[in-house]
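This report concerns only the one structure given below.
Because the structure is predicted, anything quoted here is derived from the model rather than measured. Note: hydrogens, waters and symmetry copies are ignored here, and every other heavy atom, side chains too, is used. Throughout, a chain's letter reflects where its sequence line sits, starting with A, and its residues are numbered from 1.
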Protein chains: 2
Amino acid sequence: MQTPEELTARFRATGRKVTAQRQCVFRVLQGDESHPSAEAVHAAARRQVETISLKTVYQTLHDLTELGEIAALDIGTGMVRFDPNVEEPHHHLVCRVCGKVSDLVVDFPELSVPERATQGFELGAPEVVFRGRCPECRSRSTDPSVGSTPGGSPTGGERDAPTSP
Amino acid sequence: MQTPEELTARFRATGRKVTAQRQCVFRVLQGDESHPSAEAVHAAARRQVETISLKTVYQTLHDLTELGEIAALDIGTGMVRFDPNVEEPHHHLVCRVCGKVSDLVVDFPELSVPERATQGFELGAPEVVFRGRCPECRSRSTDPSVGSTPGGSPTGGERDAPTSP
DNA sequence: TTGTTACCTAACAATCAGTGGTAATTATGG
DNA sequence: CCATAATTACCACTGATTGTTAGGTAACAA
Ligand SMILES: [Mn+2]
Ligand SMILES: [Mn+2]
Ligand SMILES: [Zn+2]
Ligand SMILES: [Zn+2]
């Protein structure tokens, strides 16, 4: 995703009007690496423009996706997640417990399909998803098998666990 | 997934009753490589047991998933797709147009994440999805004027494929 | 500056996949 | 046989997303 200023220009150039609400969504998305849902974007946007409607957020996300400025990821968390990082190809780690999505910056070189295995499909880029448990959900787990990871990563950060869908 | 007979035994062994409806779902799933949705399973099951309810189908699919006899795939087609092939690890090709899901039998060897890239995640097996267009949708969405291009086809411009229904 | 027009909001209704409840009936398996 | 699980029809409900309306505001080109 480009900067809010560049997006402003691009919106004008594509016949779209630039409003305070849209620019607010631009700013919310800029540098956001949490892969927020539309609701999450809405919540963040409301902190800047209290009256912005969910509808407008959906509309702006749709426009940005159409322009290829962000990516809409549907990776089994129940909601579409939006990714402003479309410049750097990457994959994702998905927490099965809380739905957290993290970037996986590893590039997999050997990830091409032999022509005969494509079954006539016209293929795009591969999407790799590793599902598992994020650090927070690992440490929060009451599973007794967790707790003694020798030399592991005692990140210690046992933060609150807000999400309870 | 095991055979309907084996599933019958397994259901009994796990305290579940075996009914005509459940066995019907077993048979529908057996050898099905189309990764059907619950609705699709229901439609197929109705051809054998006309009165089987969608609820029962959901219940049976849930049970089978719980037992690990089938896999529930959420790969962005809007519905959960069920996969009776849990014996052979594999990946998937997904048609962006019609939602068709095909097995990708290629095994990717070097698909492991360097320890430092995991960000503390506890990871499961990687899921690879190639999105694209299936053969049917490729031939259906080409320009009408390109109906039968002989030899070296100047497929020229890939126009926007108009979204179906 | 002004006029056209896109945009925004609020408040709903609707869709779609999936879950949940009821009550009455059926049928499994010990 | 018979307790009890399962099934059915029916309907309400969630949650994400889209659509619709109507009235008001604001962007931007002239
Ligand atoms: Mn990402
Ligand atoms: Mn499969
Ligand atoms: Zn988590
Ligand atoms: Zn297709």
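The nearest whole Å value for the distance from the CD atom in A:Q59 to the C1' atom in D:dT20 is 14 Å. The separation between A:Q23 atom CD and D:dA26 atom P is 14 Å, rounded to whole Å. We find that CZ of B:R46 is positioned 14 Å from P of D:dT7, with the value rounded to whole Å. One can place NE2 of A:H62 at 10 Å from C1' of D:dT18, the figure rounded to the nearest angstrom. Between the NZ atom of A:K55 and the P atom of D:dT18 there is a distance of 9 Å, given to the nearest Å. The distance between atom CG of B:L54 and atom P of D:dC11, rounded to the nearest whole Å, is 16 Å. Distance A:R22 CZ to D:dC28 C1': 13 Å, rounded to the nearest Å.
Between B:K17 and B:T60, the residue anchored nearer the 5' end of DNA chain D, judged by the nucleotide with its closest heavy atom, is B:K17.
Annotation for B:L67 and B:R10: closest pair O-NH1, 3.1 Å, computed over non-hydrogen atoms. Minimum interatomic distance between A:H35 and A:S102 (heavy atoms only, all atoms of both residues): CE1-C, 4.2 Å. Of all heavy-atom pairs between A:A44 and A:V28, the closest is CB-CG1, 3.7 Å. Nearest heavy-atom pair across A:Q23 and A:T8 is NE2-OG1, 3.1 Å.
Taking the six-membered ring for Trp and the full ring otherwise, the centers of B:Y58 and B:H42 sit at least 6.0 Å from each other.
For A:R16 and D:dA27, the shortest distance from a side-chain N or O to OP1 or OP2 is not below 4.0 Å. Between B:S53 and D:dT7, a side-chain N or O to OP1/OP2 separation shorter than 4.0 Å is absent. For B:T19, no side-chain nitrogen or oxygen approaches OP1 or OP2 of D:dA5 to under 4.0 Å.
Across all strands, B:T51 comes closer than 4.0 Å only to sugar-phosphate atoms, never to a base (heavy-atom distances). Residue B:I52 is classed as a sugar-phosphate contact, given heavy-atom separations below 4.0 Å to backbone atoms only.
Between A:F11 and A:F26, the ring planes are perpendicular. Angles over 60° get that label, and only those under 30° would be called parallel.
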Step by step, work out the side chain to side chain donor-acceptor pair (under 3.5 Å) result for A:H91 and A:D107. CA-CA 8 Å; A:H91 302 287; A:D107 178 44; 5.4 Å; no
Note to self: Let's go through B:R16 and B:E66 carefully: what are the C-alpha distance in whole Å and the side-chain angles of both, what is the deciding distance for salt bridge (Lys or Arg N to Asp or Glu O under 4.0 Å) to 0.1 Å, and is it a yes or a no?
What the structure shows: CA-CA 12 Å; B:R16 279 168 253 251; B:E66 210 168 63; 3.4 Å; yes
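When the shell of 6.0 Å around CD of B:Q48 is examined, it contains more than 12 heavy atoms from other residues, nucleotides or ligands.
On the nucleic acid side, DNA chain C has its first and last nucleotide under 4.0 Å of a heavy atom of chain A at C:dT5 to C:dA10, going 5' to 3'.
With a 4.5 Å cut-off on side-chain heavy atoms, A:I52 and A:R46 count as touching.
Here the CD-CG distance, from A:E69 to A:L7, works out to 5.0 Å after rounding to the nearest 0.5 Å.
Here B:R96 does not pair with A:E122 in a salt bridge; the nearest charged N to carboxylate O distance is not below 4.0 Å.
Taken residue by residue, residues 74-85 of chain A places heavy atoms nearer than 4.0 Å to DNA chain D at A:G78, A:M79, A:V80.
Recorded end-axis angle for the helix from C:dT1-D:dA30 to C:dG30-D:dC1 stands at 40°, based on five pairs per end and rounded to 10 degrees.
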